[in-house]
Amino acid sequence: MLQCIFLLSDSGEVMLEKQLSGHRVDRSICAWFWDQAISQPDSFKQQPVIASPTHYLFQVFREGITFLACTQVEMPPLMAIEFLCRVADVLNDYLGGLNEDLIKDNFIIVYELLDEMIDNGFPLTTEPNILQEMIAPPNIVSKVLSVVTGSSSNVSDTLPGATASLVPWRTADTKYANNEVYVDLVEEMDATINRDGVLVKCEINGEVQVNSHITGLPDLTLSFANPSILDDVRFHPCVRYRPWESNQILSFVPPDGRFKLMSYRVGKLKNTPIYVKPQFTSDGGRCRVSVLVGIRNDPGKTIDNVTVQFQLPSCILSADLSSNYGIVNILANKICSWSIGRIPKDKAPSMSGTLVLETGLERLHVFPTFQVGFRIMGVALSGLQIDKLDLKTVPYRFYKGFRALTRAGEFEVRS
């Protein structure tokens, strides 16, 4: 059972405090947490569960905001972490993003959502489409009405029928003129390439996202052509586990609208779609930089939104960098950003230039790590393929569509 939830900004400010049980958690726990985070910044934020002298803490970090939950009683840690992740996802959907200003501008809605999502420390209603029936998302019309009427509450007076049904994630009595289901495979490639150009790690973290608009109470089955490649699968509560365990088939009654059906991981990939080859040559207080980017394995689809970023070492006084393709910018925090866009087929994009070292330093001894970004529409680089999607229990026809997208996640090239 969770006893309290705090939302902390990057500066350590408590933006929101929600007490969840009769035992009040003192805000001083946030000061202890922040002191620990400052003293060990790299390792502390990677610890989802932390034991303080008085409480157990659970943390999830999203977009500069720390979601911190506290308890003094024994409880499954994964339940607390999953709930905090669900809170972050719901706030992101409601507010159209997640940052400090949005939280402060809509703190009433955030409190109302937490009231419905957790009851006396236990998760209650966490499905976004059911929450939207209970609490209206913020918009200009609702803000004008609250000013005119003097009412600041967005909570509906009517309880959604789904909260009392056997399918609490689905809106009751849904009707559509056109019945359709769209399935998206959205994948992120995490890769680490060492200074010798050797691929140290390459894996895919993916999601199966569904957008469902079907009348009544549909029963869907989704199967893959190669489910054996999937690891660490996580399902939406609507998925029946037994058909997956026995036959690797997803059987489910979908929520209405867009939702994440499952997430997965595919490990030990041997190739990346693009390469980045940095080279540094330094002498006499200057360093010559050359970076080459190109297609390593053609996925058959266009690779676009290609970006390369790296942090200039602190010993660099100035930098003069240019490229034969794309735009190079050096930001105020000494981050060099090279926006390539789409890789042309007739030439390999390259960036080169000179770095001036601080006085007294002949050679560069600290070499940066390059962060690479890209997007490929229409292909899942994991190789996962959807076999078929069937609709049971409903006699009418429905339309279905499948798409795929792969983008870079934590894609690092060391120099």
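Values reported hereafter were calculated over all heavy atoms of this structure, with side chains retained and with hydrogens, waters and symmetry mates removed. For this chain, numbers begin at 1 and follow the sequence in order.
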**Q.** Contacts of F411 that satisfy ring pair (Phe, Tyr, Trp, His ring centres under 6.0 Å) - sequence neighbours left out
**A.** F374
Q. Taking only residues at least two apart or on different chains, which pairs with a member in residues 85-98 satisfy salt bridge (charged side-chain N to carboxylate O under 4.0 Å, His left out)?
A. R62-D89, E82-R86
(Q) Quick one about N329 and S337 (side-chain donor to acceptor, distance below 3.5 Å, no hydrogens or angles considered), yes or no? (A) no
Q: Could I get the full list of side-chain hydrogen bond (donor to acceptor under 3.5 Å, both in side chains) partners for Q19, not counting sequence neighbours?
A: E17
Q. Have E187 and Y264 got a donor and an acceptor in their side chains that come within less than 3.5 Å?
A. yes
Q.
Does the plane of the ring in F280 sit parallel, tilted or perpendicular to the ring in F370? Use 30° and 60° as the thresholds.
A. tilted
(Q) On the six-membered ring of Y275, is K277 placed so that its NZ or CZ lies under 6.0 angstrom from the centre and within 45° of the ring axis? (A) yes
Q | Check: V253 main-chain N/O paired with W169 side-chain donor or acceptor under 3.5 Å | A | yes
Q) Do I50 and Y56 have side chains that get closer than 4.5 Å, going by heavy atoms? A) no
Q) Side chain of T406, backbone of V379: donor and acceptor closer than 3.5 Å? A) yes
(Q) How long is the straight-line distance from CG of L185 back to CG of L381, given to the nearest 0.5 Å? (A) 11.5 Å
Q | F6 and T66, any side-chain heavy atoms less than 4.5 Å apart | A | no
Q: Check whether more than 12 heavy atoms from other residues, nucleotides or ligands sit under 6.0 Å from atom CD of E410, and answer yes or no.
A: no
**Q.** Side-chain donor or acceptor of D119 paired with backbone N/O of F122 under 3.5 Å
**A.** no
**Q.** Option among D101, D105, N106, L113 that satisfies the side-chain contact (heavy atoms from CB on, under 4.5 Å) test with L95
**A.** N106
Q) Would you say S251 and V239 make side-chain contact, with heavy atoms under 4.5 Å? A) no
Q: Keeping the roles fixed (side chain from Y182, backbone from Y399), state whether a donor-acceptor pair exists under 3.5 Å.
A: no
Q) When you measure from the side chain of Q72 to the backbone N and O of T54, does any donor-acceptor pair fall under 3.5 Å? A) yes
Q. Can any side-chain N or O of K400 pair as donor or acceptor with the backbone N or O of L389 at less than 3.5 Å?
A. yes
Q: Output every pair passing salt bridge (charged side-chain N to carboxylate O under 4.0 Å, His left out) with a member in residues 189-211, not counting sequence neighbours, ordered by first then second residue.
A: E203-R265, E207-K260
(Q) Once you measure the plane-to-plane angle for W244 and F224, does it fall in the parallel (<30°), tilted (30-60°) or perpendicular (>60°) bin? (A) perpendicular
Q) Between F252 and H236, is the ring centre distance below 6.0 Å? A) no
Q.
Please enumerate all residues that pass side chain to side chain contact (heavy atoms under 4.5 Å, CB included) together with I229, with sequence neighbours excluded.
A. N226, V266, L384
Q.
With salt bridge (charged side-chain N to carboxylate O under 4.0 Å, His left out) as the rule and sequence neighbours excluded, what pairs involving residues 373-384 come up?
A. D304-R375
Q. Will you find, in the side chains of D256 and Y176, an N or O donor that is under 3.5 Å from an N or O acceptor?
A. yes
Q: Could you tell me whether the side chain of R27 reaches within less than 4.5 Å of the side chain of V14, counting heavy atoms only?
A: yes
